[in-house]
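Sequential numbering from 1 along the given sequence is applied to the chain's residues. First listed ligand is number 1; within each ligand, the first listed atom is number 1.
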Amino acid sequence: MSGSRSSPMQALVKDRAVLAFKLEEKDALMRSIIIEGGVRSAFYVLDLGTVAELYRRWQRALPGVRPFYAVKCNTDRELLAAMSALGAGFDCASRREMESVLAAGADPGSIVYANPCKPETHVRYAAQIGVNLTTYDSESEVSKVKRCHPGCELLRIKGPDNSEAKVDLGTKYGARAEEVVPLLRAAQRAGLTVAGVSFHVGYGGTRTDVYREAIEAARAVFDAAAALGMPPMRVLDIGGGFAPTALFEEAAAVIRGALARHFGDLLPCLELVGEPGRYFAETPFTLAVRVIGTRARGETRHYWIDDGIYGSLNTVVTDGYIPRPRPLAASRVPGEKTYASTVFGPTCDSLDTVVTGYQLPEMSVGDWLVFDDMGAYTTACACNFNGFSTSDINTFLAYST
Ligand SMILES: *Cc1c(COP(=O)(O)O)cnc(C)c1O
């Protein structure tokens, strides 16, 4: 394989080869991994060039807002290392996630422990390593933090109504308007500092307005804290929910406008952070799977592949990912005959069906299918049902130019 040693990301991944390629020649790269690398089972390609480009795009659209990558979205070590090297912080929700980002080279000061309801042992771990910022939306969390990590500062979380979103986190998290003052008072009584406000608008909505509403509501919390005589708040955390589409620039424009309008007076001393997950993880990962079985039934075709609904492709069921597998053929024959095809995952459950009635050319065992944009909530949500595990899937590092 023609690994380039001069890629800009090489310094980040000292012991791993990074394959340089042109973005429009991704399939050729994947073929060379298979042929020259002798690869015989499903694999990922992580394009660090796309990660770097997404980072630049974030900085252009949201200058001054530091992204704290939401680790739960994809915990790939090299992705974490790249994000850290680019200057990102991390949103962690558990001890294991904090351990992962420390192992990838991040420092504890770049972590927000953004889980409003935490197991005590994990809070004690945060105290031990010096992660000093967490979220809360209940009084019981105040006493827990006071007991286990009294030096920890809090962000009060508030999710605006976004019932139109595909993932509306507001049903589980976020204090209601009438709970704000009691929660601030509880922290004040406990002698804990409330550093600021965080929210998450949910994911999959098309209404970018929600960010404006949330920022306006956050300002009301800053004012409520001041009215209670609490030390001035300094952190505003605008959460995640961003997609790497044109909606991102639209949301960013709404956010910039709302910040100027509602936080104009505080901007010089405000620490602005976001918690994007999907925005950074989705597009850099491409999955190639191998056809391991075939069946012809009249004019329809059945194919089995070596990853499925209990693995990376759980995202089809849990996250609305629409699979559009591409055959990875060296040359496409124009006007090639296609068949209504069903693609099955490798486990023995009939639910493990990736697509049905999908047009594909005739394929044989040993052929390959490619799924694009496979980094968000894929391997992170997979299980080991039937002994098939995504931890057996190799990830090759690449850098597109
Ligand atoms: C899941 C989550 C995120 C990331 O959400 P995306 O929609 O992937 O951007 C950020 N913050 C919190 C608290 C989360 O739970």
**Request:** Under 4.0 Å, heavy atoms only, figure out whether ligand 1 is touched by the backbone of Tyr279, its side chain, both or neither.
**Result:** neither
**Message:** With nothing but distance in play, are any N or O atoms of Gly277 less than 3.5 Å from an N or O of ligand 1?
**Reply:** yes
**Request:** Flag this pair as yes if the NZ/CZ of Arg57 is under 6.0 angstrom from the six-membered ring centre of Phe248 and inside a 45 degree cone about the axis; otherwise no.
**Result:** no
**Asked** Counting each atom of ligand 1 from 1 as listed, which ones have a heavy atom of Gly240 under 4.0 Å away?
**Response** 9 (O)
**Asked** What part of Asp91, side chain from CB on, backbone N/CA/C/O, both or neither, has a heavy atom under 4.0 Å from ligand 1?
**Response** side chain
**Fill in**
Residue set satisfying side chain to side chain contact (heavy atoms under 4.5 Å, CB included) with Glu362, at least two apart, ordered chain then number -> Arg301, Tyr303, Tyr339
**Asked** Any idea which part of Glu275 is under 4.0 Å from ligand 1, heavy-atom wise: side chain, backbone, both or neither?
**Response** both
**Request:** First locate atom CG of Leu79, then atom CZ of Phe285, and finally report the distance between them rounded to the nearest 0.5 Å.
**Result:** 5.0 Å
**Prompt:** Under 6.0 Å from the six-membered ring centre of Phe263 and within 45° of its axis: does the NZ or CZ of Arg219 meet both?
**Reply:** yes
**With sequence neighbours excluded, residues passing side-chain hydrogen bond (donor to acceptor under 3.5 Å, both in side chains) with Glu336** = Arg332
**Asked** Is any NZ, NE, NH1 or NH2 atom of the basic residue among Glu120 and Arg147 found under 4.0 Å from an Asp or Glu carboxylate oxygen of the other?
**Response** yes
**Prompt:** With only distance considered, is Cys73 within less than 3.5 Å of ligand 1 through an N or O on each side?
**Reply:** no
**Request:** Check each atom of ligand 1 against the heavy atoms of Tyr377 and keep those under 4.0 Å away; list them by number with element.
**Result:** 1 (C), 4 (C), 5 (O), 6 (P), 8 (O)
**Asked** N/O to N/O below 3.5 Å, does that happen between Arg278 and ligand 1?
**Response** yes
**Close approach of Gly239 to ligand 1, heavy atoms, under 4.0 angstrom** = no
